[in-house]
Amino acid sequence: MGNRVVREDFEWVYTDQPHADRRKEILAKYPEIKSLMGPDHRLKWIVCTMVAVQFLAFYLVKDLSWKWVLFWTYAFGSCINHSMTLAIHEISHNTAFGNIRAKWNRWFAIFANLPIGLPYSASFKRYHLDHHRYLGGDGVDVDIPTEFEGWFFCTRVRKLIWIMFQPLFYAVRPLYINPKPISHLEVVNTAIQLAFNAVLYWFWGAKPLVYMMMGSLLGMGLHPISGHFIAEHYMFLKGHETYSYYGSLNLLTFNVGYHNEHHDFPSIPGRRLPMTRITKRLHSLKYGERLTSRLTLTEDMSTMQLIVHT
């Protein structure tokens with residue numbers, strides 16, 4: 001359990017992040033993909049339903065014994081709250097109301113933030129865009145673990161601790177790597193969230209508050225649904241820093257597993273990301289082309305599926 005990993009450093013590369021160039025090449029070959037861009041009009045209704053479900057759960061858990069509160073927190077609340085964080089991820093790309101109503105997306109993200117308990121939607125937007133622009137950039141991309149994390153959490157036991165408290169590292173890391181001045185919207189986000197938490201406690205007591213807060217921490221930590229945090233940018237193959245997962249958990253995570261596709265086309269809503277593969281295959285059949293992979297990655301490896309040349 002205490003064995004150290006053999007590798008003791010990150011994989012350092014000195015080239016631009018690949019997705020911008022890949023986007024140009026793919027669109028030049030398959031311009032039909034542009035039709036998939038734009039807002040997902042179903043997203044706002046899905047998010048409203050999820051918020052309503054959690055509000056109902058707050059009411060139902062207030063009279064349960066603590067053991068059942070903790071059980072339903074991990075079995076149900078953590079799944080919903082994790083899914084809600086990925087809804088906020090979707091909204092951060094303006095996929096709820098489109099780019100022409102950017103402010104509507106910001107306020108809607110604050111609304112989606114309510115059942116999570118921790119005010120983070122406004123800050124997430126600011127840092128997540130850096131993750132797309134400067135993927136893996138040292139001192140800029142706060143989604144990548146720090147040098148200390150890579151050095152210290154190098155045994156199985158320490159890695160387990162890191163996974164359990166991953167939400168805390170995710171929250172503190174930006175303050176260490178790339179602190180930014182607090183924006184007005186972040187203050188508003190915090191004030192609204194704290195007011196909501198206080199009202200929830202006032203009317204229904206501590207149990208809904210524990211269900212909400214612990215659901216977020218557990219759902220983002222040691223939970224099966226959290227595997228994508230590691231898989232998204234783990235270098236399974238040398239030189240390929242983004243990884244896609246096409247399994248059933250995408251049904252709960254707004255297709256965040258289609259991560260290569262998402263980084264290639266961040267303006268395509270998660271619901272339509274699987275269609276990028278279908279569009280290319282239909283294009284192939286239409287013109288009788290034999291598809292090959294520029295990245296020499298096969299479908300059996302469940303990695304990059306957007307083929308960029310023939």
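Residue numbers count from 1 along this sequence.
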How about [X] and [Y]: do any of their side-chain heavy atoms sit closer than 4.5 Å?
X	Y	value
I163	I230	yes
L114	I192	yes
F71	S65	no
I116	I88	yes
K207	L64	no
H41	P39	yes
Y59	F55	no
F76	Q54	yes

Between atom [atom1] of [X] and atom [atom2] of [Y], what is the distance when rounded to the nearest 0.5 Å?
X	Y	atom1	atom2	value
C79	Y74	SG	OH	8.0 Å
N105	F97	CG	CZ	6.5 Å
N255	E90	CG	CD	8.0 Å
L118	L168	CG	CG	9.0 Å
T276	M37	OG1	CE	10.5 Å
N99	N94	CG	CG	4.5 Å

**Item:** From CA spacing to verdict: side chain to side chain contact (heavy atoms under 4.5 Å, CB included), I33, F265
**Value:** CA-CA 9 Å; I33 289 178; F265 303 105; 4.0 Å; yes
Under 3.5 Å, is there a donor-acceptor pair linking the side chains of [X] and [Y]?
X	Y	value
R126	N178	no
S35	E32	no
N197	Q193	yes
N81	S216	yes
H262	H19	no
E261	S244	yes

Whether [X] and [Y] hold their rings parallel, tilted or perpendicular, with breakpoints at 30° and 60°:
X	Y	value
F229	Y170	tilted
F124	Y120	perpendicular
Y246	Y258	perpendicular
Y211	F58	perpendicular
H132	H93	perpendicular

Co-membership, hydrophobic cluster, residues [X] and [Y], 4.5 Å side-chain:
X	Y	result
V199	M212	yes
I110	L194	no
L43	L251	no
F148	V142	no
L185	I182	no

How close do [X] and [Y] get, counting heavy atoms only, and between which atoms?
X	Y	answer
V69	T73	O-OG1, 2.5 Å
R106	I91	NH1-O, 4.4 Å
A112	P115	O-CD, 3.3 Å
G117	P119	O-CD, 3.8 Å
G38	P269	O-CG, 2.9 Å

**Prompt:** How far apart are the C-alpha atoms of T95 and D40, what are their side-chain angles, what is the distance that settles it, and do they pass the side chain to side chain donor-acceptor pair (under 3.5 Å) test?
**Reply:** CA-CA 6 Å; T95 56; D40 176 7; over 6 Å; no
**Request:** Evaluate the criterion ring-ring contact (aromatic ring centres under 6.0 Å, His included) for residue pair Y201 and F196; output intermediate values, then yes/no.
**Result:** CA-CA 9 Å; Y201 177 78; F196 173 79; over 10 Å; no
**Request:** Give the C-alpha distance, both sets of side-chain angles, the deciding distance and a yes or no for side chain to side chain contact (heavy atoms under 4.5 Å, CB included) between E186 and K125.
**Result:** CA-CA 10 Å; E186 286 175 299; K125 163 75 175 180; over 6 Å; no
**Request:** Verify side chain to side chain contact (heavy atoms under 4.5 Å, CB included) between W107 and V188, making sure each step is shown before the conclusion.
**Result:** CA-CA 10 Å; W107 287 106; V188 172; 3.6 Å; yes
**Request:** May I ask you to check if R271 and F254 form a cation-pi contact, with NZ or CZ under 6.0 angstrom from the six-membered ring centre and within 45° of the axis?
**Result:**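 Judged by the rule (NZ or CZ under 6.0 Å from the ring centre, within 45° of its axis), R271 is not positioned above F254.
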**Prompt:** Does Y127 have K180 sitting over its ring (NZ/CZ under 6.0 Å from centre, angle to axis within 45°)?
**Reply:**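 Positive - K180 is close enough to the ring of Y127 and near enough to its axis.
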**Atom CH2 of W162: over 12 foreign heavy atoms under 6.0 Å** =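 Yes, the 6.0 Å shell around CH2 holds more than 12 heavy atoms from other groups.
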**Request:** Look at atom CH2 of W68 and say whether more than 12 heavy atoms of other residues, nucleotides or ligands are closer to it than 6.0 Å.
**Result:**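 Not buried by this count: 12 neighbours or fewer within 6.0 Å.
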**Message:** I need the single residue from H259, H82, H223 that forms a ring pair (Phe, Tyr, Trp, His ring centres under 6.0 Å) with H228. Which is it?
**Reply:**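 Going through the options one by one, the only one that passes is H82.
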Any donor and acceptor pair, going by atom type alone, linking the side chain of [X] with main-chain N or O of [Y] inside 3.5 Å?
X	Y	result
N113	S121	yes
Y245	L249	yes
S226	L222	no

**Request:** Report the C-alpha separation of K24 and D264 in whole Å, then their side-chain angles, then the decisive distance to 0.1 Å, and conclude whether the salt bridge (charged side-chain N to carboxylate O under 4.0 Å, His left out) test is met.
**Result:** CA-CA 9 Å; K24 294 178 182 178; D264 286 340; over 6 Å; no
**Steps toward side chain to side chain contact (heavy atoms under 4.5 Å, CB included) verdict (H89, T85)** = CA-CA 6 Å; H89 166 256; T85 65; over 6 Å; no
